[in-house]
Amino acid sequence: MTMHMSVLASGSTGNAIYVETEEHSFLVDAGLSGKQMELLFQQIGRSMKDLSGLLVTHEHSDHIKGLGIVARRYNLPVFANEKTWAAMEQSIGKIDSEQKFIFPMESVKTFGSLDIESFGVSHDAAEPMFYVFHQNGKKLVLVTDTGYVSDRMKGIIEGADAYVFESNHDVGMLRMCRYPWSIKRRILSDVGHVSNEDAAFAMSDVVRDNTKRIYLAHLSKDNNMKDLARMSVMQTLQERGHIVGEQFDLYDTDEKKPTELYAI
């Protein structure tokens with residue numbers, strides 16, 4: 001059995017990730033309109049009508065914009081922790097009680113051969129959490145929207161075969177941009193987003209010999225660029241003894257274009 005994944009969309013304006021096994025398929029977040037989500041699925045040759053469920057990380061609009069529409073249209077089970085359900089219910093519209101499922105933080109749910117593990121991150125949301133997918137010894141980690149990567153988090157995410165890892169901003173660009181200081185302070189805080197350099201520091205602590213791919217995700221539209229993020233992360237990783245292109249590869253993600261389905 002093989003696990004496949006695609007970062008359908010990632011960035012300041014919308015986020016969604018697709019993960020499938022032979023038995024089940026899941027959408028993690030639906031931060032774009034229902035129509036946009038359908039187009040993204042068409043681009044990877046998949047249909048939302050075949051989804052087993054929708055996993056929610058937190059209630060910010062760039063992660064739940066299309067959640068209600070998609071859940072109702074395809075009658076999908078929706079999984080989120082209790083505080084996230086309470087925080088997002090007014091934003092997503094009515095979801096039938098039969099579709100609502102509680103996925104507690106720091107817990108594991110099993111779907112056939114697939115185990116999905118939830119873990120907490122540090123972000124200014126009700127109870128933000130991300131996911132680790134385990135199948136037949138393979139491990140996929142999704143971790144964005146966190147102000148820092150704690151030692152506890154590193155212990156959970158270390159040794160994955162593939163990562164979708166936040167590389168949100170270049171600190172210099174952020175400090176020089178036109179954002180109000182209150183927003184800059186929020187992004188730079190422990191409940192904001194990790195910078196390119198901080199992301200690379202965390203990556204260097206968790207990658208192992210089996211790690212093959214790292215997708216750089218949730219790039220700021222105003223305070224980062226794909227080339228800059230890749231170069232910055234690569235340089236920091238190499239300074240810490242990791243050879244990008246030999247040990248593992250870095251991949252871009254996009255707000256409007258999905259990555260190719262990848263077999264983990």
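Residues take their numbers from the sequence shown, with the count starting at 1. All values derive from a computational prediction rather than experimental measurement.
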Would you say CD of Gln238 has more than 12 non-hydrogen atoms from neighbouring residues, nucleotides or ligands within 6.0 angstrom?
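Yes - once you tally the heavy atoms of other residues, nucleotides and ligands closer than 6.0 Å, there are more than 12.
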
Arg175 CZ: over 12 foreign heavy atoms closer than 6.0 Å:
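It does not: Arg175 CZ has 12 such atoms or fewer within range.
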
Does [X] reach the main-chain N or O of [Y] with its side chain, forming a donor-acceptor pair under 3.5 Å?
X: Ser10; Y: Ala217; value: no
X: Glu166; Y: Val194; value: yes
X: Gln99; Y: Leu76; value: yes

Can you tell me which residue among Lys94, Lys100, Lys83 is in a salt bridge (Lys or Arg N to Asp or Glu O under 4.0 Å) with Glu89?
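Going through the options one by one, the only one that passes is Lys100.
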
Salt bridge between [X] and [Y], side-chain N to carboxylate O under 4.0 Å?
X: Asp254; Y: Lys226; result: yes
X: Arg240; Y: Asp205; result: yes
X: Glu117; Y: Lys139; result: no

Exercise: identify the closest heavy-atom pair between Leu142 and Phe119
O-CZ, 3.6 Å

[X] and [Y]: side-chain donor and acceptor closer than 3.5 Å?
X: Gln36; Y: Ser33; answer: yes
X: His134; Y: Asp115; answer: no
X: Thr13; Y: Glu255; answer: yes
X: Tyr148; Y: Asp198; answer: no

Would the Phe111 and Phe26 ring centres measure less than 6.0 Å apart?
yes

May I ask you to decide if the ring planes of Phe130 and His63 are parallel, tilted or perpendicular, using 30° and 60° as cut-offs?
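Phe130 and His63: perpendicular rings.
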
Do the rings of Phe79 and Phe103 sit parallel, tilted or perpendicular, given the 30° and 60° boundaries?
perpendicular

Hey, which of Asp29, Asp145, Asn81, Thr144 is the one that makes side-chain hydrogen bond (donor to acceptor under 3.5 Å, both in side chains) with Thr57?
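Single pass found, and it is Asp29.
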
Determine whether His169 and His218 satisfy the following criterion, side-chain contact (heavy atoms from CB on, under 4.5 Å), listing intermediate values before the conclusion.
CA-CA 9 Å; His169 60 274; His218 214 299; over 6 Å; no

